Amino acid sequence: MQLQEMKIIVTGAASGMGAHFATRLAQAGAQVAAGDVNAEGLQAVVEATAGAPGTVHVRQLDVSDEGSISSFVGWAFEKMGGL
């Protein structure tokens with residue numbers, strides 16, 4: 001399977017390794033649903049991937065809240081046309 005065919009969820013995507021993976025995956029052509037509580041950090045990931053062959057979809061996510069996780073996964077599924 002090629003990365004261009006992948007639809008990937010990345011949590012903790014606003015900084016550190018999460019931001020790195022979200023950015024690199026989009027640059028390799030994947031669709032990425034990136035979540036974090038830090039909205040400014042998520043926006044920086046969007047800016048870093050502008051013009052990339054893949055797409056980064058961002059939304060705030062609190063992984064300590066089960067409702068937030070469930071809502072995020074449903075949103076990601078709709079946004080990317082599946083997971």
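No experiment lies behind these values; they were computed from the predicted model shown.
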Determine the minimum heavy-atom distance between [X] and [Y], stating which atoms define it.
| X | Y | result |
| --- | --- | --- |
| Ile9 | Val73 | CD1-CG2, 4.2 Å |
| Ala52 | Gln27 | CB-CA, 4.0 Å |
| Ser64 | Asp62 | OG-OD1, 2.6 Å |
| Leu3 | Ala28 | CD1-CB, 3.4 Å |
| Val10 | Gly18 | CG1-O, 3.4 Å |
| Ala19 | Ala14 | CB-C, 3.9 Å |

Worksheet item: Side-chain contact, heavy-atom cut-off 4.5 Å: Leu61 with Ile69?
Response: yes

Discussion item. With a 4.5 Å cut-off on side-chain heavy atoms, are Gln31 and Met6 touching?
Written reply: no

Report yes or no: does [X] contribute a side-chain atom to a donor-acceptor pair with the main-chain N or O of [Y] at less than 3.5 Å?
| X | Y | result |
| --- | --- | --- |
| Gln4 | Gly29 | no |
| Lys7 | Gly81 | yes |
| Ser70 | Gly67 | no |

Same cluster (ILVMFWY, side-chain, under 4.5 Å), [X] and [Y]:
| X | Y | value |
| --- | --- | --- |
| Leu83 | Val63 | yes |
| Met80 | Ile8 | no |
| Val58 | Phe72 | no |

Item to complete: Please test Arg59 against Ser71 for side-chain contact (heavy atoms from CB on, under 4.5 Å), starting from the C-alpha separation and ending with a verdict.
Response: CA-CA 10 Å; Arg59 179 173 167 171; Ser71 176; 2.6 Å; yes

Discussion item. Nearest 0.5 angstrom please: Asp36 CG to Gln60 CD, how far?
Written reply: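 Here the interatomic distance stands at 8.5 Å.
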
